[in-house]
Amino acid sequence: MKNQEIAKILFEISEYLTMKDEPFRPRAYSRAAESVDALDQDIEKIYKTGGLAAVEDVPGVGVSIAEKIEEYLKTGKVAYLEELKKKTPVDVSGLSAIEGLGPKKIQKLYKELKIRTTDDLLKAVIAHKVRDVEGFGEKTEENIFKGLQFLKESGGRYILGFVESQIEEIRKRISALKGIKKVEIAGSARRRKETIGDLDILALVEDGDDDTAAAMDYFVSMPEVTRIYSRGTTRSSVRLKDGMDVDLRILNRSSYGAGLLYFTGNKDHNIELRKIAIRKGLKLNEYGLFRRDKEREIKIAGATEEEVYQALGLPYIVPEIRENSGEIEAAIQGNLPKIIGYHDLLGDLQIQTNWTDGENSIEEMAEEAISMGYKYILITDHSKRLTVASGLDEKRLAEQGKEIDRINRRLRDKGYDFIILKGVECDILKDGSLDLADEALAELDIVGASVHSYFNLPAADQTERIIRAITNRNVDILFHPTARVINQRKGIEVDMDAIIKAALQTGTTLEIDAYPDRSDLSDEHIRKCVDIGVKLSIDSDAHLKRHMRYIHLGISQARRGWAKRSDIVNAWPVERLLRSIKKD
DNA sequence: GCCGTTTTCGGCCCGACTGTTTTCAGTCG
């Protein structure tokens, strides 16, 4: 599906046009970008079945943009964008990734200091040249420096949820090749880390079948490949257009499990396993588990991961917790937790609709939830402070409640075992008070509260602010507790231990926000919550129907934090959820 | 450049916040 690629191009055009001080056209392009990004159907399919006219039916897309989409689908390029880039040869998307830098400032830096790339910018910042440009100053220069540092630290990592469909597509294509029996993704993607550095693909061929040339030929000549690092019979390595490095390794059946284990990692987990092997007089490597018998090595396991673990005297350890952070000790002692499964959730507790900044109606989101097998959802539109999202005030919130009642009646009449719960995503104000009146919040089934402003308060103030908010007896869940956006913004600085403690005392649930670039709470914080018994929820934070499908990423995150079904409130039936969540 | 009509062109989301200014531009959501 090329929707995201096209959205990115349209957005880039919008930024160039903003730099040129064009009125309105930038807005038209970014609106079209958002709209294409939000589309349920494949834009290529729309074009192929309905032609240009069908593309023009996409909201925000008119004749001119439709033609550019057509051009991209046919040629993989948009001449208009190439032209803009030629006129202003600046890495806009790279530079605007820096928090606080937008097209206007980028334009100014290019004009005054000839800055084109983040490298140029870093040099200028170090030489203290930026502070002298009109409209900039010491503080801005410092913020740019921090932004560059942050990008460098997080840089080069891809957000799993955003690259997953591309990865799956490559996996499928390789699976279909002749002689390939099975293809799996290993590495940090298989451990379900929130970001991945590169991609390890493992392919299985039958023992004795060493004709891997066709598979390797295909791999290094895939359309998305821009550079071939190496091409061999068992391993090839390439770089994709978007910068990601990908390895393909071909394994035989007899060593497939050992290879999968080895390439899944993490490294420390593997090292621990090898130590166990040594203690048992065995040797573990990527080809199998071996016993030395006189002068010969005899393979005693290797075809599957399960048999390798078993031969080491261990139960199977799921990839999500292979981090050498206590899982091996727990496995030895028979204390591995029964972590939550991918089909254990009964509902989703953070969903935005077109009452505020969501795309779809309450009813559409409910239908999507029903099709996913859920029993309930909580509608949590924004509160009034978030004016751009046309956040709800007390009056509209009450109106929304009535609408939810009507839809619930309709769903019941249709015979669905499903309920829409009334909620809100209420802004936490600077001092920790809430954006909506207590009486309005008290009317709702479940209240979520979250931070969308003042991200830079000192840790002590920020912690106090959050604790004050969750101490309000109407607040049931703290949404995306650290407010981080991966590759964009660090989380707020808080004493998370103090917040987790306060959550325990007040009976507040902390959220695991599954949206790919949030993934908030992190695995590490989840584990702390699980250890002391703080309740958790796993929510999609969906602004469109499609976003609800990101929920599996939140489940991965929970699994990485060792959470059991009993720790997750939306894995509970609705009666128990409502009984337990309110702290009266 | 798109949309929605007032069918041929005028209006387009906007408030909070930051850092720069000394009254405001740029960025973010």
Side-chain angles (χ1 to χ4, degrees), chain A residues 9-37 52-53 55-71 78 80-81 84 92-93 95-112 130-147 352 354-359 381-393 425 427-431 435 450-457 479-480 483-485 487-490 492 515 517-518 541 543:
Chain A
I9 283 176
L10 295 177
F11 192 68
E12 221 173 326
I13 293 177
S14 158
E15 295 213 301
Y16 277 106
L17 293 174
T18 312
M19 284 172 64
K20 291 173 57 174
D21 241 349
E22 292 249 7
F24 306 117
R25 279 165 78 221
R27 184 77 205 127
Y29 275 95
S30 66
R31 257 171 46 85
E34 281 161 23
S35 169
V36 169
D37 188 48
L52 262 185
V55 178
E56 279 175 48
D57 277 345
V58 175
V61 176
V63 184
S64 170
I65 292 182
E67 279 171 357
K68 288 178 179 80
I69 292 175
E70 177 183 48
E71 182 188 354
V78 175
Y80 182 54
L81 176 60
L84 288 168
V92 178
S93 52
L95 288 166
S96 62
I98 294 160
E99 177 89 348
L101 260 198
K104 291 288 168 68
K105 284 198 168 135
I106 292 171
Q107 168 80 337
K108 199 133 209 189
L109 289 170
Y110 174 62
K111 269 197 167 156
E112 301 292 323
V130 171
R131 59 177 64 178
D132 296 331
V133 178
E134 193 199 351
F136 291 71
E138 239 174 275
K139 201 80 182 252
T140 308
E141 191 177 77
E142 201 181 301
N143 283 339
I144 290 175
F145 184 67
K146 280 187 192 156
Q352 274 71 233
N354 58 7
W355 279 67
T356 58
D357 61 348
E359 285 282 325
D381 276 299
H382 288 289
S383 63
K384 63 192 176 203
R385 196 208 69 91
L386 225 50
T387 47
V388 268
S390 53
L392 306 181
D393 58 15
E425 177 176 12
D427 258 56
I428 298 173
L429 305 180
K430 188 180 182 184
D431 63 356
D435 190 27
S450 56
V451 165
H452 293 117
S453 61
Y454 298 101
F455 299 117
N456 291 324
L457 294 183
F479 283 160
H480 48 72
R484 72 164 172 182
V485 180
N487 285 357
Q488 247 180 67
R489 176 175 79 211
K490 265 188 187 158
I492 50 176
Y515 197 77
D517 62 7
R518 283 198 183 267
D541 199 352
H543 285 66

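This one's a predicted model, so the numbers in the text were calculated from it and none came from an experiment. Numbers restart at 1 for each chain; the letters A, B, ... are given by sequence-line order, proteins then strands.
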Within the 3.5 Å criterion, strictly below it, is a donor on A/Y29 or A/K68 matched to an acceptor on the partner's side chain?
yes

For the residue pair A/Q107 and A/D21, confirm or rule out a side-chain donor-acceptor distance under 3.5 Å.
no

Are more than 12 heavy atoms from other residues, nucleotides or ligands located less than 6.0 Å from atom CG of A/N456?
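No, not enclosed.
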
Would you say that more than 12 heavy atoms from the other residues, nucleotides or ligands in this model lie under 6.0 Å from the CZ of A/F136, or not?
yes

Tell me the interatomic distance from [X], atom [atom1], to [N], atom [atom2], rounded to whole angstroms.
X	N	atom1	atom2	result
A/H452	B/dT18	NE2	C1'	19 Å
A/F24	B/dC14	CZ	C1'	13 Å
A/L17	B/dG1	CG	C1'	9 Å
A/N143	B/dT18	CG	C1'	9 Å
A/L95	B/dG26	CG	P	17 Å
A/I98	B/dC28	CD1	C1'	16 Å
A/R25	B/dC12	CZ	C1'	15 Å
A/D431	B/dA16	CG	P	16 Å

Does OP1 or OP2 of B/dT18 have a side-chain N or O of A/N456 closer than 4.0 Å?
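Answer no for this pair, as no side-chain N or O of A/N456 is under 4.0 Å from OP1 or OP2.
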
Think A/S390 has a side-chain N or O under 4.0 angstrom from the OP1 or OP2 of B/dC13?
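False: A/S390 side-chain N/O out of range (4.0 Å or more) of B/dC13 OP1/OP2.
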
If you check every side-chain atom of [X], which of [options] has the closest atom?
X	options	value
A/Y29	B/dT27, B/dG1, B/dG19	B/dG1
A/K139	B/dC13, B/dG19, B/dG1	B/dG19
A/A28	B/dT20, B/dG1, B/dT27	B/dG1
A/K104	B/dT20, B/dT27, B/dG1	B/dT27
A/I65	B/dC13, B/dG26, B/dC2	B/dC2
A/Y80	B/dG19, B/dG1, B/dC13	B/dG1

Under 4.0 Å, heavy atoms only, any strand: does [X] hit a base, just the sugar-phosphate, or nothing?
X	result
A/P59	sugar-phosphate
A/R489	sugar-phosphate
A/P103	sugar-phosphate

Determine the interatomic distance between [atom1] on [N] and the same-named atom on [M]; round to the nearest Å.
N	M	atom1	answer
B/dC13	B/dG19	C1'	24 Å
B/dC2	B/dT8	C1'	14 Å
B/dT21	B/dC17	C1'	15 Å
B/dC24	B/dG10	C1'	27 Å
B/dT20	B/dA25	P	16 Å
B/dT5	B/dG1	P	23 Å
B/dC9	B/dC14	C1'	24 Å
B/dG15	B/dT22	P	25 Å

Per nearest nucleotide of DNA chain B, the residue lying toward the 5' end, A/E134 or A/G100, is A/E134

Judged by each residue's nearest nucleotide on DNA chain B, which is more toward the 5′ side, A/G137 or A/I106?
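That would be A/G137.
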
Any donor and acceptor pair, going by atom type alone, linking the side chain of A/D435 with main-chain N or O of A/R385 inside 3.5 Å?
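At least one qualifying donor-acceptor pair exists.
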
NZ/A/K384 to CG/A/L386 distance, rounded to the nearest 0.5 angstrom?
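Rounded to the nearest 0.5 Å, the NZ-CG separation comes out at 13.0 Å.
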
Strand partner of B/dT27, provided both Watson-Crick or wobble distances fall under 3.5 Å:
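Matched B/dT27 with B/dA16 under the 3.5 Å cut-off.
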
Any stacking of A/F136 on B/dT20, going by centres under 5.5 angstrom and planes within less than 30 degrees?
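The ring of A/F136 is not stacked on B/dT20.
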
Can you label the angle between the A/H382 ring and the A/H543 ring as parallel, tilted or perpendicular, going by 30° and 60°?
tilted

